[in-house]
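Structure, as structure tokens:
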Amino acid sequence: MQNWITDFMEHYGYIGIALIIALENVFPPIPSEIILPFGGFMTTYTSLTLPGVIIAATIGSVLGAIILYAIGLLIDVNRLEKIVDRWGHILRIKKEDIHRVDAWFDKYGMWTVLFCRMIPLVRSLISIPAGMSNMKFGLFVLFTTIGTLIWNIILVSVGAALGASWESILSFMDVYSLVIYIILAVLIVGFVIWWIKRSKSRN
């Protein structure tokens, strides 16, 4: 996959970077940890510039995020309520739980969107709950752009600084991703345990 990504970027330049980053948002297994540093490296031997690569990558990221946001809008809270009406007794979920989560996202959603843009995998998927909670589109785009811009500036700049050794950052990003995944796994397990205890206490 890495060779296909780099060949595509070299062939299509800024447009290729924007398209492949948009695809990375919709299809998370395509790693931005390869795309962005290589884009930075390309500025050292092609006519591409550092600001140009960062802007192209940011445009692609925002477009991809908007697609997932739209998917979230299609799911929305009302559809979730219908699912809960049918399957909630099995999942131990009530409508009140959905509204509580929705209210939480209404209150903290924009900051969640901002910071999650710098977390592997989650940086793409966070757009779906943002759409489900009907987060204001303008705020979603603004905080998505800010968070994405920070992430892009860091990785593209590192790729440009490392030059031909840009791939050396991949091992660091693997460690970073692993640590993030472990933290997320611990949080998810903790949440599930809390949810089960809470459900039992209500019965």
Residues that Ala160 engages under side chain to side chain contact (heavy atoms under 4.5 Å, CB included), provided they are two or more places apart: Thr43, Leu50

Rounded to the nearest 0.5 Å, what's the gap from CD1 on Ile54 to OG1 on Thr58? Could you check? 7.0 Å

Do you know which two heavy atoms are closest between Leu48 and Met42, and how far apart they sit? CD1-CE, 3.3 Å

Do Ile67 and Asn25 come within less than 4.5 Å of each other through their side chains, counting heavy atoms only? no

Not counting sequence neighbours, which residues clear side-chain hydrogen bond (donor to acceptor under 3.5 Å, both in side chains) with Thr148? List them please. none

Mind checking side chain to side chain contact (heavy atoms under 4.5 Å, CB included) for Leu142 and listing every partner two or more places apart, or none if nothing turns up? Ile146

Restricting to non-hydrogen atoms, name the atom on Ala130 and the atom on Val113 that form the minimum distance, rounded to 0.1 Å. CB-CG2, 4.2 Å

Nearest-0.5 Å distance, CD1 of residue Ile55 to CG of residue Leu149: 8.5 Å

Counterpart residues, ring pair (Phe, Tyr, Trp, His ring centres under 6.0 Å), relative to Phe8 (two or more places apart): Trp4, Tyr12

Group every Ile, Leu, Val, Met, Phe, Trp and Tyr by side-chain heavy-atom contacts under 4.5 Å, then state whether Leu162 and Ile17 land in the same group. yes

What's the spacing between Ile20 CD1 and Ile35 CD1 if we round to 0.5 Å? 5.0 Å

Does Leu19 belong to the same Ile/Leu/Val/Met/Phe/Trp/Tyr cluster as Leu63, with side-chain heavy atoms less than 4.5 Å apart forming each link? no

When you group the ILVMFWY residues by side-chain heavy-atom contacts below 4.5 Å and let the links chain together, are Met9 and Trp151 in the same group? yes

Only counting residues at least two apart or in another chain, list the ones meeting side-chain hydrogen bond (donor to acceptor under 3.5 Å, both in side chains) with Thr49. Tyr14

Ring pair (Phe, Tyr, Trp, His ring centres under 6.0 Å) against Tyr69, all qualifying residues, sequence neighbours excluded: Phe137, Phe140

Between the CZ atom in Phe41 and the CD atom in Glu10, the distance rounded to the nearest 0.5 Å is 8.0 Å

Are Leu139 and Val62 linked, directly or through other ILVMFWY residues, by side chains that come within less than 4.5 angstrom of each other? yes

Taking side chain as C-beta onward, heavy atoms only, is Met132 less than 4.5 Å from Leu73? no

Using the side-chain contact (heavy atoms from CB on, under 4.5 Å) rule, take Leu36 and Ile21 through it: C-alpha gap first, then chi angles, then the decisive distance, then the call. CA-CA 9 Å; Leu36 298 174; Ile21 279 287; 3.9 Å; yes

Taking side-chain hydrogen bond (donor to acceptor under 3.5 Å, both in side chains) as the definition, give me every residue that meets it alongside Ser61, ordered by chain and number, with sequence neighbours left out. none

Quick one: are Pro37 and Val158 in side-chain contact, heavy atoms under 4.5 Å? no

Which side-chain hydrogen bond (donor to acceptor under 3.5 Å, both in side chains) pairs, counting each pair once, include a residue from residues 137-146, with sequence neighbours left out? Arg117-Thr144

